[in-house]
Amino acid sequence: MWSYRNRGRSSLAFTHSPGCMFVTDVPIQSTSSINAAEIPEVFQISSNPMHYSLVSMQTTEKIRKLEDVIAVDPGNRGIKHLLNKDELLKSSLSLSHARSVLITTGFPTHFQHQPPEETDGPPGAIAMVAMLQALGKKVAIVADERAIELNKSILDQAVEQGILRDPVPLLHYKEENVDSALNFLCENGDPKKPRFDHLVAIERAGRASDGNYYNARKINIKHLVDPIDNLFVTAQHIEGITSTGIGDGGNELGTGKVKEAVRKHIKNGDTIACDIAADFAVIAGVSNWGGYAVACALYLLNNCEIHERYVRKAVGFSKLKEENYLKSSLPDVNKEENLLRILVDHGIRSGVTGNLAMEVDGLPFNNIHSEMIQRLLALTTKS
């Protein structure tokens with residue numbers, strides 16, 4: 001039981017009943033002697049409905065460092081102009097509270113090849129799936145109908161090789177009428193009963209203002225892309241669904257949040273800029289890095305005593321003391337190398353060069369992507 005005296009000197013008492021949080025307006029006189037892991041910070045993660053979350057100052061700083069690391073621009077595209085502080089933090093906080101998450105990926109930039117997909121996107125998506133599964137979330141992937149069998153084979157092999165713990169439901173979205181998106185997102189089309197709390201697009205072709213879909217070279221690939229964008233548009237009007245877009249060039253679904261900066265600073269931006277905004281836009285030098293960073297941020301949040309206690313509403317027992325809790329679900333060099341090999345074996349090519357090789361966006365896995373994974377892991381697991 002806690003107590004304090006108000007300005008009228010009347011005694012008040014509070015009990016910490018299950019599902020409730022004790023809050024006091026008594027100011028802390030000094031934080032100099034308090035560990036950063038014990039100082040809470042508050043962030044708004046939704047306005048529909050209004051939703052705030054708690055995290056320690058220490059964990060906040062670690063996630064900000066992850067965001068800084070993935071902001072390296074190996075292609076010199078000018079992504080620094082697209083960065084907004086704490087998008088990774090707020091997106092990950094929202095995902096940590098979510099019960100059910102829908103992820104989409106797929107950028108058919110190589111329209112002259114079969115399959116036309118690139119190696120950026122699926123690894124980052126699968127890294128997020130692995131961590132979300134470990135956290136006990138329901139996770140599904142929605143993909144282009146023409147690529148369902150391709151994605152099914154990749155996901156099956158990811159499970160076989162231990163990259164994923166469990167199989168992932170694989171869906172496709174077909175637009176038959178004006179209510180198709182609503183019916184897909186909500187039970188019986190009832191906006192009060194959403195099936196998903198959070199939608200995530202990573203390296204997913206995004207619709208431009210003229211209704212077409214463009215790769216970085218300004219080539220229209222609309223004929224290869226299903227209108228999954230409409231799920232994100234509809235979700236903006238459904239209370240309780242939040243969204244994230246992860247991209248590296250501004251033509252990816254969700255990066256419409258920064259479309260004015262894309263038009264101004266990115267090559268061909270006037271044409272290729274995605275027009276569809278997500279609530280959060282996580283920008284990285286390579287989109288996969290953004291997916292890895294989300295997985296790492298979720299690990300940090302759920303190993304943060306303040307956040308973990310807040311999410312479970314102080315009900316039940318903490319999992320923080322469980323040895324290696326969530327650690328095995330973090331991305332690592334071996335898993336990501338094996339996954340990239342699976343993609344290459346399926347004929348999926350590097351985004352920039354079109355090479356059928358162990359590379360992503362023209363950058364070799366060894367020494368570039370492997371080093372990025374190691375840097376993210378070092379920041380994440382450092383005590």
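Each of Ile228, Ile141, Val142 was scored for a side-chain contact (heavy atoms from CB on, under 4.5 Å) with Leu102, with one residue passing: Val142. None of Asp144, Thr105, Asp229 except one satisfies the side chain to side chain donor-acceptor pair (under 3.5 Å) rule with Arg204; the exception is Asp144.
Two residues are said to be in side-chain contact when any heavy atoms from C-beta on lie closer than 4.5 Å; Pro123 and Val360 fail this criterion. Under the 4.5 Å side-chain criterion, counting only non-hydrogen atoms from C-beta, Tyr173 is in contact with Ser180. Counting only heavy atoms from C-beta outward, the side chains of Leu95 and Val200 approach each other to under 4.5 Å. Between Ile221 and Phe107, the closest side-chain pair of non-hydrogen atoms falls below 4.5 Å. Two residues are said to be in side-chain contact when any heavy atoms from C-beta on lie closer than 4.5 Å; Ile238 and Leu182 meet this criterion. When side chains are defined from C-beta on, Val42 counts as touching Tyr52, because their heavy atoms get closer than 4.5 Å. For the pair Ile126/Leu155, a side-chain contact is recorded, criterion being any heavy-atom separation below 4.5 Å from C-beta on. Side-chain contact between Ile70 and Leu376 is present, with at least one heavy-atom pair separated by less than 4.5 Å.
Note: His110 and His113 have perpendicular aromatic rings, judged against thresholds of 30 and 60 degrees for the angle between ring planes. Using cut-offs of 30° and 60° for the angle between ring planes, the His97 and His307 rings count as perpendicular.
Using a 4.0 Å cut-off between charged nitrogen and carboxylate oxygen, Glu337 and Arg341 count as a salt-bridge pair. Between Arg64 and Glu67 there is no salt bridge, since none of the side-chain N atoms of the basic residue sits less than 4.0 Å from a carboxylate O of the acidic one.
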For residues 147-154, which side-chain donor-acceptor pairs fall under 3.5 Å, sequence neighbours excluded?
from: Asn151; atom 1: ND2; to: Ala147; atom 2: O; distance (Å): 2.8
from: Lys152; atom 1: NZ; to: Asp156; atom 2: OD2; distance (Å): 2.9
from: Ser153; atom 1: OG; to: His346; atom 2: NE2; distance (Å): 2.7

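Pairing each heavy atom of Leu330 with each of Lys335, the nearest pair is O-NZ, 2.7 Å.
Pairs engaging residues 171-197 under the salt bridge (charged side-chain N to carboxylate O under 4.0 Å, His left out) rule: Arg99-Asp197 [sequence neighbours left out].
Side-chain contact of Glu359 with Thr353: a donor-acceptor pair under 3.5 Å is present, judged by distance alone. Counting only N and O atoms by type, the side chains of Glu41 and Thr60 include a donor and acceptor under 3.5 Å apart.
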